[in-house]
Amino acid sequence: MANEQIDAPKRVIFGLSMKLITMIIAMIMVVEVLIYLPSVANFRINWMDDRVHVAGVAARVIETVPDTMDLTPDTVSKLLSSAQAEALVVRTQGQSQLIERADMPMPVAAYAADTRERAPLDLIGRALEVLFFGSNRTMRVIGVPMDNQDVVVEVLVNEALLREELITYSRNIFWLSLLVASFTSFAIFLFLNGLLIRPITRLTRNMISFRQDPDDARKIIIPSERGDEVGVAERELAAMESNLFAMLKQKQHLADLGLAVAKINHDLRNTLGAAQLLSDQVANLDDPHVQRLAPRLVHTLDRAINFCQSVLDYGRHKSVAPRFEPVDLRALLDECATDAAVRMHPEIEWHNQVEDDVIIRVDPDQIARVLTNLLKNAREALEPLSLQDGQNLSISATLIANDQQVRLFIEDNGPGLSPRAKENLFRAFEGSGRAGGTGLGLAIAKELVEAHGGQLNYIETEKGTKFEICLPR
Ligand SMILES: Nc1ncnc2c1ncn2[C@@H]1O[C@H](COP(=O)(O)OP(=O)(O)OP(=O)(O)O)[C@@H](O)[C@H]1O
Ligand SMILES: [Mg+2]
């Protein structure tokens with residue numbers, strides 16, 4: 001087979017499995033980030049609430065003492081460290097009490113964070129700000145302890161404490177997310193691998209190996225029992241491969257048969273050639289009987305040889321894909337009219353009505369064969385009529401074109417198709433309605449036009465014969 005021409009299948013580097021795992025991990029991480037943002041904001045506000053709560057407890061303690069001056073440094077230190085605070089301010093009904101360490105100067109707060117303000121986006125923004133830009137400065141956490149609405153406490157704390165806890169929290173969330181993403185993607189992968197990837201890989205491998213050796217029936221895929229789309233794909237592939245295999249076998253048989261016919265034909269043509277030589281000599285004899293019969297003999301042999309030659313040509317004619325190039329249609333038509341002996345014909349008028357600047361993209365050789373054959377057919381149909389006087393014989397080419405397609409009409413005012421030709425139109429060897437014709441011309445022409453993605457149609461007319469060549473632009 002034509003295995004040598006098949007390109008080696010490309011190696012899959014970033015296959016379905018890798019794509020799937022990467023995509024699942026990425027998706028889970030994106031989801032985790034979306035969950036993380038509110039959660040980190042929540043963590044910060046809870047942390048501040050805790051400070052406020054502890055400060056509220058401290059406020060209770062202070063209430064029991066008539067004067068804050070009476071608090072011992074030890075009690076103050078305990079109160080402050082329970083809230084991790086540097087200093088506390090408790091405001092009750094216009095009064096405010098300050099609790100600070102005696103051994104340290106009162107710190108200056110860089111900014112205030114009020115726990116009563118809880119706009120979600122704002123909370124997220126502030127949490128991220130601490131996380132990325134937080135430093136060793138002091139923040140003033142303001143809030144109302146839960147159990148006492150009349151009291152407002154202000155806790156002065158070092159921002160670095162909050163930042164450190166935020167970092168630890170974020171790191172934990174990151175590792176946890178990664179773990180969850182890995183487990184999930186692995187689980188989904190295992191599931192999809194069995195369900196999709198493995199069957200698809202099997203289908204792909206089978207296609208590659210069948211393409212490399214379509215003669216081998218063992219390469220036809222054996223479909224599984226699955227009822228889903230993969231099962232359908234497997235069964236369809238199996239059916240397609242079986243059909244292809246059968247078609248190839250049939251083609252091979254036909255090719256073998258064709259070869260045998262061509263060989264026989266070849267020898268037959270040579271034998272007829274020898275007979276033709278003899279008949280030429282016979283034609284030179286003086287005998288009046290011979291003189292009368294010889295031309296018919298020569299003519300018959302000529303036709304037989306031509307027939308053999310056409311069959312051989314047809315056998316040699318391979319379906320070559322057209323090589324498209326821009327072609328001037330009017331010039332091509334004139335050229336073909338010359339080849340078909342239509343152009344300078346003494347009795348037949350040739351009307352090329354295609355405008356000068358019509359350029360179409362076709363294979364010029366193949367379309368020339370089509371046109372020449374149509375024009376030759378028309379001439380062959382008209383020539384017997386040309387013997388009768390007073391007839392105006394003509395062949396014309398006209399065009400209707402738009403952006404999508406060109407429709408070229410080849411028309412003559414001859415006798416029209418014979419019933420036999422009409423019945424077997426475009427059928428190789430069967431369509432000939434004239435003596436000496438092989439009936440191959442129209443069949444080949446149709447094949448060539450169709451290879452261009454077009455159509456060759458016979459158009460019924462009142463007089464003469466009209467063919468239409470439809471080509472996509
Ligand atoms: N313009 C025409 N006018 C009348 N009959 C035609 C015309 N064109 C084709 N035919 C008929 O159709 C038949 C088939 O044509 P086709 O070109 O396929 O074969 P052919 O001309 O007989 O042989 P060849 O293979 O040498 O071309 C012709 O024999 C002829 O009878
Ligand atoms: Mg012909």
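Counting starts at 1 for both ligands and their atoms, following the listed order.
- Taking the ring centre of W47 as origin, the terminal cationic atom of R51 falls inside the region bounded by 6.0 Å and 45° from the ring axis.
- Heavy-atom proximity to T465, at under 4.0 Å, picks out these atoms of ligand 1: 1 (N), 2 (C), 3 (N), 4 (C).
- Residue-level proximity to ligand 1 for D412 is carried by the side chain, the only part with a heavy atom below 4.0 angstrom.
- Per-residue contacts place G416 under 4.0 angstrom from the following atoms of ligand 1 (heavy atoms of the residue considered): 4 (C), 5 (N).
- Listed by number with element, the atoms of ligand 1 under 4.0 Å from a non-hydrogen atom of G441 are 16 (P), 17 (O), 18 (O), 19 (O), 24 (P), 25 (O), 27 (O).
- Heavy atoms from other residues, nucleotides or ligands lying under 6.0 Å from CZ of F186 number 12 at most.
- The pair R369-D365 does not meet the salt-bridge criterion, since no charged nitrogen lies less than 4.0 angstrom from a carboxylate oxygen.
- R330 contributes a side-chain N or O that, together with a main-chain N or O of V354, makes up a donor-acceptor pair within less than 3.5 Å.
- Of all protein heavy atoms, the one closest to atom 6 (C) of ligand 1 is L417 CD2, 3.1 Å.
- Side-chain atoms of D412 do not come within 3.5 Å of backbone N or O of I395 as any donor-acceptor pair.
- Under the 4.0 Å criterion applied to side-chain N and carboxylate O atoms, E460 and K422 are assigned as salt-bridge partners.
- Nearest protein neighbour of atom 12 (O) of ligand 1, counting heavy atoms only, is A421 CB, 3.5 Å.
- Atom 8 (N) of ligand 1 has its closest protein heavy atom at N377 CB, 3.2 Å.
- What sits closest to atom 24 (P) of ligand 1 on the protein, heavy atoms only, is T438 OG1, 3.4 Å.
- Between the N413 side chain and the N392 main chain, a donor and an acceptor come within less than 3.5 Å of each other.
- Looking at atom 22 (O) of ligand 1, its nearest protein heavy atom turns out to be S432 OG, 2.8 Å.
- Distances from ligand 1 to the non-hydrogen atoms of A378 include at least one value under 4.0 Å.
- The closest donor-acceptor contact from the side chain of N402 to the backbone of Q404 lies under 3.5 Å.
- Between L442 and ligand 1, an N or O atom pair is found at a separation short of 3.5 Å.
- Residue-to-ligand polar distances keep F467 apart from ligand 1: every N/O pair is separated by 3.5 Å or more.
- Put simply, the side chain of Q291 gets close to the backbone of A283: a donor and an acceptor are under 3.5 Å apart.
- When hydrogens are left out, the protein atom nearest atom 26 (O) of ligand 1 is R434 NH2, 3.3 Å; that is the closest non-hydrogen contact.
- Formation of a donor-acceptor pair under 3.5 Å by the R235 side chain with backbone atoms of R226 is found in this model.
- Only the side chain of N373 comes within contact range of ligand 1, with a heavy atom under 4.0 Å; no backbone atom does.
- Taking atom 29 (O) of ligand 1 as the reference point, the nearest protein heavy-atom neighbour is G433 N, 2.8 Å.
- For P415, no nitrogen or oxygen atom sits less than 3.5 Å from a nitrogen or oxygen atom of ligand 1, counting backbone and side chain alike.
- Protein heavy atom nearest atom 14 (C) of ligand 1, with residue, atom name and distance: G431 O, 3.3 Å.
- Taking every heavy atom of both residues into account, W350 and A397 meet most closely at CH2-CB, 3.8 Å.
- Counting heavy atoms under 4.0 Å from ligand 1, residue L440 touches it through both backbone and side chain.
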